[in-house]
Amino acid sequence: MSKDHLWTTGAIYYSTLVVAEAFGRSNASQVVDLGLPSEFQPGYAIYENGVPSRLVFINFVTDPSGASDFNGVVSFNGGTVPDHVAVRYLESPSVSDKFNIKWAGQTMGSAIFTSDGRLTGDVETVFVPCDQTANNCIIPVKAPSVALVFLSDEALQQSSPDNAASSLTFATSVYTGRGQHPIIDPAILKTMNGDGGPGPRHTGSTSKGQSSQELGAATRNAAVPAVVSLVALALGVMLVAGRA
């Protein structure tokens, strides 16, 4: 483990956290499209054993002005209306942002090479009050964001880590970090052509202390016996042909 935070976690990882908590641990989840009018602001209900347990509202619009925010309305027809529901948010400044992402207040780093592979920050669960007279709860969904709504305390508990079963973590006891770490400008990385670009190919090494010049010399030395063998074979053919 390096003593520097040099891990990079992409956006896909955060989506798996949302989906895992939306399904919970019952292994009986069913997803229903709520049929909201905008394709950029869909909503889904998660049922467990025929009973709604969670809702997901998504806002795909990037608009920091707040004009594209919307409210997801949770209505209760019959039964007891809770005094509140719990909400966890997936948030980012833009839908095209790759690294500056938070799920329930936690992140794996706001840029490349800034993580040690663990979520940092405290878990943030927002408790939204419900109107028990109007039989509904109003869920704010900013642009862009994803809101995961837990319709009961049990649903929230089933999507949260079980402290008794949580994995143990240990502080790093061995550090490398004695060499230089490569840092690549993201603006150059996203436009570079890799091995298919113009110019000569350079062979490098991932082993400390071994240079590309050493590898090049080794390659040339390895090629010499092969060339000698080909020359010897050609001379042999010529001699046989001459005798014939």
When you measure from the side chain of [X] to the backbone N and O of [Y], does any donor-acceptor pair fall under 3.5 Å?
| X | Y | result |
| --- | --- | --- |
| Thr114 | Gly109 | no |
| Ser92 | Ile101 | no |
| Thr62 | Val95 | yes |
| Thr9 | Met108 | no |
| Ser53 | Ile46 | yes |
| Gln41 | Phe57 | no |

Heavy-atom count check: over 12 atoms from other residues, nucleotides or ligands less than 6.0 Å from [X] [atom1]?
| X | atom1 | result |
| --- | --- | --- |
| Gln157 | CD | yes |
| Asn27 | CG | no |
| Asp83 | CG | yes |

Could you tell me the separation between the [atom1] atom of [X] and the [atom2] atom of [Y], rounded to the nearest 0.5 Å?
| X | Y | atom1 | atom2 | result |
| --- | --- | --- | --- | --- |
| Asp131 | Cys137 | CG | SG | 8.5 Å |
| Asn135 | Cys130 | CG | SG | 10.0 Å |
| Asn136 | Ile139 | CG | CD1 | 9.5 Å |
| Asp63 | Ser94 | CG | OG | 11.0 Å |
| Thr16 | Glu21 | OG1 | CD | 10.0 Å |
| Arg54 | Ser152 | CZ | OG | 7.5 Å |

Could you pull out the closest heavy-atom pair between [X] and [Y], with the gap in Å?
| X | Y | result |
| --- | --- | --- |
| Asp97 | Ala11 | O-CB, 4.4 Å |
| Ala45 | Leu34 | CB-CD2, 3.8 Å |
| Gly24 | Ser159 | CA-OG, 3.8 Å |
| Pro82 | Gln132 | C-NE2, 3.6 Å |
| Ser145 | Tyr89 | OG-CD2, 4.4 Å |

Could you see if [X] belongs to whatever hydrophobic cluster contains [Y]? Use Ile, Leu, Val, Met, Phe, Trp, Tyr and a side-chain cutoff under 4.5 Å.
| X | Y | result |
| --- | --- | --- |
| Tyr13 | Phe23 | yes |
| Ile58 | Val32 | no |
| Val146 | Phe150 | yes |
| Phe127 | Leu148 | yes |
| Val141 | Phe60 | no |

Mind checking whether [X] and [Y] have side chains closer than 4.5 Å, heavy atoms only?
| X | Y | value |
| --- | --- | --- |
| Val87 | Thr125 | no |
| Val73 | Ser75 | yes |
| Ile112 | Phe99 | yes |
| Tyr14 | Thr107 | yes |
| Asp122 | Gln106 | no |
| Asn59 | Phe40 | no |

Ion pair Lys102/Glu124, N-O distance below 4.0 Å: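 No, Lys102 and Glu124 are not salt-bridged.
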Look at Lys142 together with Glu91 and state whether they make a salt bridge at an N to O cut-off of under 4.0 Å.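 Salt bridge between Lys142 and Glu91, a charged N being under 4.0 Å from a carboxylate O: no.
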Test Val74 against Val128 for side chain to side chain contact (heavy atoms under 4.5 Å, CB included), laying out the working first. CA-CA 11 Å; Val74 182; Val128 177; over 6 Å; no
Which is it for Ser160 and Arg88 under the side chain to side chain donor-acceptor pair (under 3.5 Å) test, yes or no, and what are the steps along the way? CA-CA 11 Å; Ser160 301; Arg88 288 176 177 166; 3.1 Å; yes
